[in-house]
Engineer: 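Here it is, the structure in full.
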Amino acid sequence: MKKLLTALLSTIVVGVSALGFAACKDNGAGSISVYMPDGAPALALAQLMAEDMQFGKEVDYSVVDAESITSTVSYADMNKNADLCVLPVNDASKLLGDGADYKMLGTVTHGNLYIVSATDKPTLTADNFAQEISGKKLGVVQMAKFPGAITKVILSEYGVTESVTVQAVQPTEVTGAGSDFDYFVIPEPAASTRIGNSNLNLKQAGSLQELYGGSNGYPQAVLVAKNSLIDGDPQFIADFTEAVAASAQWLLNYEVSAETILNAIKSHYPDPENTTPAFNNLSKSVISNCAVKFTSAADGKAEVKTFLTKLKAVNSDFAAEVTDNFFYINV
């Protein structure tokens, strides 16, 4: 009987301890998971990973392929979802736009899409875009995804939607030597890689960022956080976003090598040995072209809402309107 009572008490103690651990984790005392897609969004958090910033907590950083990033915030069981996540603004709008489970802390990248062409083609600017692109054939890499949608937005903004032939292409089809296309839209770092190949006879002939919003570009990747983390530890959120904002300048510091940045990203792949990196080459020019800059939700709210409305207008399935509750406004 004594042995039975002892065993029963031990079971109760273990059960209470387990509940206590779970409660601590829910309150932010356990590890904090941070997920981001490889490529330009991962650059935004590269310094945090390179220096293993923990902010007095236990922070786990994971860099995953772009195709799977939405799965990290869409489990029915919120305990399985990322505590913080960087993802395309259109995906964030569709999955999290009501602000019920996550809020947007800010925008971390402002566009990495460029127009390239044969070296003898005119360079496209806001002043001549409508005239020069009319009647032309435009190839778009990742036509079914974000690049295709923002290309359609820009064509609509300049009133040339009906006069341009737009077609999906693969990166390997982007060439100025004997191509049937007049211009291409392609993201960094692939744009610089193709232009850097002298055999392809290519040049940078324009920037979708400048065509859309001048030096400000457009909101492309955003950082979101669970409401439970925001409510449970607002100081951590403040420290984390401050570090993300500082990371943009760190990236452009010439004392910080490309190798340091790439190693920071690669070391946080779930399976480094079997992952093909988004960046095979990296320079300060490529980093600059990825437009990494943190803009708080408070400062970027109106811009994000306007941009999502435009995306939705060209493809109703591509984005959703978001509520005011989606934006984290720290007052």
Side-chain angles (χ1 to χ4, degrees), residues 21-22 25-26 28-92 94-96 101-102 104-105 108-109 112 142 144-146 171 187-190 193 220-226 228-229 236-237 240-241 243-244 247-248 250-251 256-282 286-287 290 292 294:
F21 175 78
K25 186 172 183 180
D26 288 342
S31 63
I32 296 172
S33 59
V34 183
Y35 281 83
M36 70 211 80
D38 200 5
L43 287 177
L45 274 66
Q47 184 182 15
L48 284 71
M49 293 186 286
E51 300 179 8
D52 193 28
M53 295 186 186
Q54 297 293 299
F55 308 98
K57 305 288 183 180
E58 182 184 340
V59 182
D60 295 324
Y61 299 95
S62 297
V63 180
V64 301
D65 67 90
E67 297 295 327
S68 62
I69 190 62
T70 56
S71 67
T72 67
V73 295
S74 54
Y75 289 106
D77 181 356
M78 281 296 291
N79 291 322
K80 295 181 179 180
N81 287 332
D83 293 308
L84 294 114
C85 184
V86 178
L87 69 168
V89 65
N90 61 300
D91 288 330
K94 292 189 294 181
L95 295 170
L96 313 171
D101 298 315
Y102 286 86
M104 175 185 144
L105 303 180
V108 297
T109 67
N112 67 328
Q142 300 177 27
K145 299 183 182 297
F146 189 94
E188 283 285 26
T193 299
Q220 184 166 355
V222 297
L223 174 65
V224 300
K226 279 182 179 177
S228 57
L229 179 59
F236 169 82
I237 295 296
F240 192 91
T241 52
V244 173
S247 182
W250 177 86
L251 287 169
V256 179
S257 68
E259 183 180 13
T260 296
I261 297 169
L262 288 174
N263 286 342
I265 294 172
K266 291 177 181 178
S267 65
H268 290 85
Y269 292 154
D271 185 8
E273 297 299 322
N274 297 300
T275 301
T276 302
F279 292 103
N280 291 315
N281 65 318
L282 191 63
V286 170
I287 292 172
C290 288
V292 176
F294 182 79

Engineer: Whether the side chain of Lys57 engages the backbone of Phe236 through a donor-acceptor N/O pair (distance < 3.5 Å, no angle test) should be reported.
Structural biologist: no
Engineer: Which heavy-atom pair separates Pro41 from Val86 by the least distance, and what is that distance?
Structural biologist: CB-CG1, 3.7 Å
Engineer: Going through the distances and angles, do Asp91 and Val73 end up as a side chain to side chain contact (heavy atoms under 4.5 Å, CB included)?
Structural biologist: CA-CA 10 Å; Asp91 288 330; Val73 295; over 6 Å; no
Engineer: Taking atom CG of Leu43 and atom CD of Glu188, what is their separation to the nearest 0.5 Å?
Structural biologist: 10.5 Å
Engineer: Look up atom OG1 in Thr241 and atom CZ in Phe294, then write down how far apart they are to the nearest 0.5 Å.
Structural biologist: 5.0 Å
Engineer: Does OH in Tyr35 sit with more than 12 non-hydrogen atoms of other residues, nucleotides or ligands closer than 6.0 Å?
Structural biologist: no
Engineer: Looking at NE2 of His268 and OG1 of Thr275, how far apart are the two atoms once the value is rounded to the nearest 0.5 Å?
Structural biologist: 13.5 Å
Engineer: Main chain of Val63, side chain of Asp38: is a donor-acceptor contact present, judged purely on distance under 3.5 Å?
Structural biologist: no
Engineer: Roughly how far apart are Cys290 SG and Leu282 CG, rounded to 0.5 Å?
Structural biologist: 7.5 Å
Engineer: Before you tell me yes or no, could you show the steps for Thr193 and Asn280 under side chain to side chain contact (heavy atoms under 4.5 Å, CB included), namely the whole-Å CA-CA distance, both residues' side-chain angles and the distance that decides it to 0.1 Å?
Structural biologist: CA-CA 9 Å; Thr193 299; Asn280 291 315; over 6 Å; no
Engineer: What's the verdict on side chain to side chain contact (heavy atoms under 4.5 Å, CB included) for Phe240 and Ile32, showing C-alpha distance, side-chain angles and the deciding distance?
Structural biologist: CA-CA 11 Å; Phe240 192 91; Ile32 296 172; over 6 Å; no
Engineer: To check you understand the geometry: which heavy-atom pair defines the closest contact between Asp83 and Ser31, and what is its length?
Structural biologist: OD2-O, 3.7 Å
Engineer: Regarding Asp60 and Ser33, do their side chains bring together a donor and an acceptor under 3.5 Å, going by distance alone?
Structural biologist: no
Engineer: Does Lys94 NZ have over 12 foreign heavy atoms under 6.0 Å away?
Structural biologist: yes
Engineer: Exactly one of Val292, Thr260, Leu48 should register a side-chain contact (heavy atoms from CB on, under 4.5 Å) with Trp250. Which one does?
Structural biologist: Thr260
Engineer: Could you tell me whether the side chain of Ser74 reaches within less than 4.5 Å of the side chain of Asn81, counting heavy atoms only?
Structural biologist: no
Engineer: So do Val256 and Leu251 actually touch side chain to side chain, heavy atoms under 4.5 Å?
Structural biologist: no
Engineer: Any side-chain heavy atom of Leu105 within less than 4.5 Å of one from Leu84?
Structural biologist: yes
Engineer: Report yes if some heavy atom in the side chain of Ile261 is under 4.5 Å from a heavy atom in the side chain of Phe279; otherwise report no.
Structural biologist: no
Engineer: Check whether any side-chain heavy atom of Ser247 sits under 4.5 Å from a side-chain heavy atom of Leu45, and report yes or no.
Structural biologist: no
Engineer: Between Met49 and Ile265, is there a side-chain heavy-atom distance shorter than 4.5 Å?
Structural biologist: yes
Engineer: Evaluate the side-chain proximity of Met78 to Tyr102: yes if any heavy-atom separation is below 4.5 Å, no if none is.
Structural biologist: yes
Engineer: CG of Asp65 to CG of Asp271: how many Å apart, nearest 0.5 Å?
Structural biologist: 11.5 Å
Engineer: State whether the side chain of Thr72 and the backbone N or O of Ala82 hold a donor-acceptor pair below 3.5 Å, judged by distance alone.
Structural biologist: no
Engineer: Which is it for Asn112 and Gln220 under the side chain to side chain contact (heavy atoms under 4.5 Å, CB included) test, yes or no, and what are the steps along the way?
Structural biologist: CA-CA 9 Å; Asn112 67 328; Gln220 184 166 355; 3.3 Å; yes
